[in-house]
Trainee: 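The structure is given below, and queries will be raised subsequently.
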Number of protein chains: 2
Amino acid sequence: MKGRVSAYDVAKLAKVSQSTVSRVLNNYPHVRKETRQRVHDAINTLGFSPDEIARSLASKKTNTIGLIVEDISNSFYAETAHIILREAQKYDYEVIIIDAETDENSFERAISTLNGKRVDGIIVASTRMDNQKVKEFYDKGFPIIFYNRRIYGIEESHYVEVDNKLGAKMAVNHLVENKHRKIAFISGPTIYSTFYQRFEGYKEAVQDNGLEYDESLIYKGEVSYDQVFQFALNLMRDEDRPTAFFASTDQMALAIMDAAARSGRHIPFDVSVIGFDDIEIASNPYISLSTISQRKREMAVLTLQKLLSLINSDDSNDEPNKITLEPELIIRKTTGVNNQ
Amino acid sequence: MKGRVSAYDVAKLAKVSQSTVSRVLNNYPHVRKETRQRVHDAINTLGFSPDEIARSLASKKTNTIGLIVEDISNSFYAETAHIILREAQKYDYEVIIIDAETDENSFERAISTLNGKRVDGIIVASTRMDNQKVKEFYDKGFPIIFYNRRIYGIEESHYVEVDNKLGAKMAVNHLVENKHRKIAFISGPTIYSTFYQRFEGYKEAVQDNGLEYDESLIYKGEVSYDQVFQFALNLMRDEDRPTAFFASTDQMALAIMDAAARSGRHIPFDVSVIGFDDIEIASNPYISLSTISQRKREMAVLTLQKLLSLINSDDSNDEPNKITLEPELIIRKTTGVNNQ
DNA sequence: AAATTACATGAATCCGCTTTCAATAAATTG
DNA sequence: CAATTTATTGAAAGCGGATTCATGTAATTT
């Protein structure tokens with residue numbers, strides 16, 4: 001890119017100093033109306049657009065935030081990213097998305113990278129509950145907020161989440177009301193707070209309803225389509241199989257539905273399935289998945305706004321934002337009365 | 001963030017000049033092994049990480065690329081973004097994703113923003129075919145490459161796409177082979193090259209197969225679930241309805257399937273549906289959508305690699321990259337023989 | 001009208017690194 | 001061993017704006 005025009009060029013053309021150009025650029029007072037106009041004209045005829053990098057260096061603000069997700073191809077994150085991206089745009093913030101693997105190292109690297117890029121703040125939609133690096137950041141007062149996650153060990157952490165435990169209980173209760181007594185539970189790794197909480201909810205609900213807690217009905221490994229599919233397939237083929245499956249994410253529920261189909265079980269007649277998240281496809285009539293809604297839009301918008309207010313608040317000792325929304329049970333066609 | 005450590009602090013501790021610190025940071029030669037070690041030690045004890053902003057300003061490289069998409073919550077883009085994000089990570093590039101609305105202004109703003117941020121290059125996965133701003137960039141020799149899009153009027157444009165016209169023909173031919181003679185076509189706005197080409201393919205195939213071209217079977221409005229749903233619903237209820245639907249995107253095919261369900265038509269017995277893209281959910285057994293595969297992964301990886309090579313090539317007059325991959329017909333369960 | 005006060009503007013410095021350029025020291029060469 | 005080369009290193013000048021300070025000018029006050 002040869003010959004970018006600089007503020008200096010604009011200054012020359014408008015016959016003012018560079019400081020004045022900077023003033024009109026930042027809409028500062030103390031510039032005569034006529035001068036301001038002259039500068040604007042110069043900017044237009046030259047097609048000047050300020051170098052945000054230089055600007056950031058001088059102002060120590062990048063107008064960029066980081067968003068760490070686990071897998072942007074996962075609808076839940078994609079839909080979240082969409083909302084955050086669009087919302088950030090309104091406030092003239094750009095966002096660097098990092099699609100970090102789930103291991104601790106990737107996560108730390110993500111944080112370091114964003115730190116290097118001097119983002120103004122970070123939204124974490126992916127992390128184990130115990131990451132050390134994050135704590136350091138918090139302690140330095142860096143604006144960081146968790147989306148649908150919590151980090152334990154940091155009392156002052158900011159987060160926006162849905163009441164995952166309650167959501168899980170709602171799901172199980174719904175199944176119990178439909179006379180299911182043997183309910184499988186499919187979870188991701190419980191080092192993640194969401195999965196942890198949903199698991200807690202499942203256990204409590206099982207206990208509250210006087211059901212038997214059976215380890216063999218529990219999956220809590222990787223969030224892998226194939227693995228979940230295989231696990232569910234095995235259960236489906238079992239003589240004494242569960243009559244219902246509660247999956248901690250819709251994505252995993254999809255794998256379960258797949259397994260049901262492959263093993264000839266009909267939903268919801270032979271087996272009920274309920275998910276968690278309410279991703280878009282869940283409402284498609286061919287899927288029509290019963291689920292627990294996360295209220296993504298509210299969560300995402302709130303998260304962004306809280307982050308921006310953290311960034312722009314002078315004193316950093318406002319009390320931490322701990323926001324917990326109530327989930328919602330959405331009954332569609334994958335859950336029905338147990339008739340076995 | 002008080003008291004960030006700077007390269008200057010490192011220099012002092014290591015008893016060298018800041019230039020030397022910069023040298024080891026960039027792994028330049030001409031630093032005695034012992035000195036290098038001393039600097040590394042200082043970096044570690046201080047926990048120093050360089051300010052990438054300052055670095056970018058000085059080096060005129062941001063190691064950041066821009067990705068403009070239309071709607072990241074759309075699986076096709078989400079899956080693409082995932083691949084690009086992960087691939088870019090390998091080369092230490094960050095990516096700023098802009099989720100631009102479809103109007104011309106948003107797109108121009110996206111380009112301007114990325115220009116301001118001084119990204120090293122841009123991948124455009126969303127644009128009309130005739131955007132002026134893009135041309136200007138091209139003319140300046142700015143690395144920009146189109147993903148699954150072309151821009152007409154720029155001979156030198158770089159793009160990676162699938163043969164959309166061929167794909168459309170494959171879809172129609174498949175339907176014709178199944179004895180369908182009345183095939184509806186659902187397209188997004190044909191100012192987008194993909195839709196344009198697919199439409200061309202549809203028309204050609206209709207003609208080649210001696211079918212009647214019927215305007216009333218064509219939708220080419222916004223890519224809106226509700227609108228497509230409504231359009232399809234009306235057709236479904238028609239006396240003399242089409243026996244098959246070819247949708248330019250899987251997302252729209254989903255809306256058509258929805259409409260079929262709502263109007264009591266059974267797929268593929270009463271009506272066949274074929275999409276385009278092969279998004280992930282298409283292979284789910286409950287959806288099992290016949291479609292044309294875009295070979296997203298190859299496209300995405302190629303696009304990123306070409307972009308990086310554009311960025312790092314000294315002379316910018318290598319011939320333009322015009323890559324067209326062959327699509328693939330994937331027959332699943334939404335298409336069948338017409339028996340009416 | 002002199003004294004204040006508010007407004008407009010430019011010069012100079014800084015942001016935190018990279019990159020010459022020049023200087024010094026060590027290694028080679030004839 | 002003197003003459004070159006080559007390897008190390010530091011000082012200083014950017015990169016392109018933001019910001020502080022000083023200066024000059026117009027608007028207000030007594």
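The sequence lines fix the lettering, A, B, ..., with proteins before strands; numbering per chain opens at 1.
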Trainee: According to the interplanar angle, ranging from 0 to 90°, do the rings of B:Phe137 and B:Phe142 count as parallel (below 30°), tilted (30 to 60°) or perpendicular (above 60°)?
Mentor: perpendicular

Trainee: So, A:Tyr91 side chain and A:Gln305 main chain: donor-acceptor pair closer than 3.5 Å or not?
Mentor: no

Trainee: Provide the closest heavy-atom pair for B:Thr64 versus B:Tyr93 in the form atom of the first, atom of the second, distance.
Mentor: N-CD2, 3.8 Å

Trainee: Going by salt bridge (Lys or Arg N to Asp or Glu O under 4.0 Å), name the residues that satisfy it together with A:Arg150, two or more places apart in sequence or in a different chain.
Mentor: A:Glu161

Trainee: Shortest non-hydrogen contact from A:Leu46 to A:Val5?
Mentor: O-CG2, 3.8 Å

Trainee: Quick one: do A:Arg86 and B:Glu101 make a salt bridge, cutoff under 4.0 Å?
Mentor: yes

Trainee: Taking B:Ala14's backbone N and O only, do any of them form a donor-acceptor pair with B:Arg38's side chain (distance below 3.5 Å, no angle check)?
Mentor: yes

Trainee: For the residue pair A:Arg36 and A:Val24, what are the closest heavy atoms and their distance?
Mentor: NH1-CA, 3.9 Å

Trainee: Is A:Lys15 atom NZ crowded by more than 12 heavy atoms from other residues, nucleotides or ligands, each under 6.0 Å away?
Mentor: no

Trainee: Could you report the tightest heavy-atom contact between B:Lys117 and B:Thr62, atom names first, then the distance?
Mentor: O-CG2, 3.7 Å

Trainee: What is the distance from atom CD1 of B:Ile43 to atom NE2 of B:His40, rounded to the nearest 0.5 Å?
Mentor: 5.0 Å

Trainee: Please list, in numerical order, the residues of residues 36-63 of chain B that have a heavy atom closer than 4.0 Å to any atom of DNA chain D.
Mentor: B:Leu57, B:Ala58, B:Lys60

Trainee: List in numerical order all residues of residues 18-32 of chain A for which some heavy atom is under 4.0 Å away from an atom belonging to DNA chain D.
Mentor: A:Gln18, A:Ser19, A:Ser22, A:Arg23, A:Asn26, A:Tyr28

Trainee: Would you grab the first and last nucleotide of DNA chain D (5' to 3') that comes under 4.0 Å of any non-hydrogen atom in chain A?
Mentor: D:dG16 to D:dT20

Trainee: What pair of heavy atoms forms the shortest contact from B:Asp120 to B:Ile311, and how long is it?
Mentor: O-CG1, 3.4 Å

Trainee: Could you report the tightest heavy-atom contact between B:Arg118 and A:Ser49, atom names first, then the distance?
Mentor: NH2-O, 3.6 Å

Trainee: Could you list, one pair per line, each protein nitrogen or oxygen that sits under 3.5 Å from a nitrogen or oxygen of nucleotides 23-25 of chain C, together with the distance?
Mentor:
none

Trainee: For the helix from C:dA1-D:dT30 to C:dG30-D:dC1, figure out the bend between the end axes, five pairs an end, and round to 10 degrees.
Mentor: 30°

Trainee: Mark yes or no for whether A:Ser22, through its side chain, and A:Gln18, through its backbone, hold a donor-acceptor pair below 3.5 Å.
Mentor: no

Trainee: Test A:Glu52 against A:Asn63 for side chain to side chain contact (heavy atoms under 4.5 Å, CB included), laying out the working first.
Mentor: CA-CA 9 Å; A:Glu52 296 296 334; A:Asn63 263 61; 6.0 Å; no

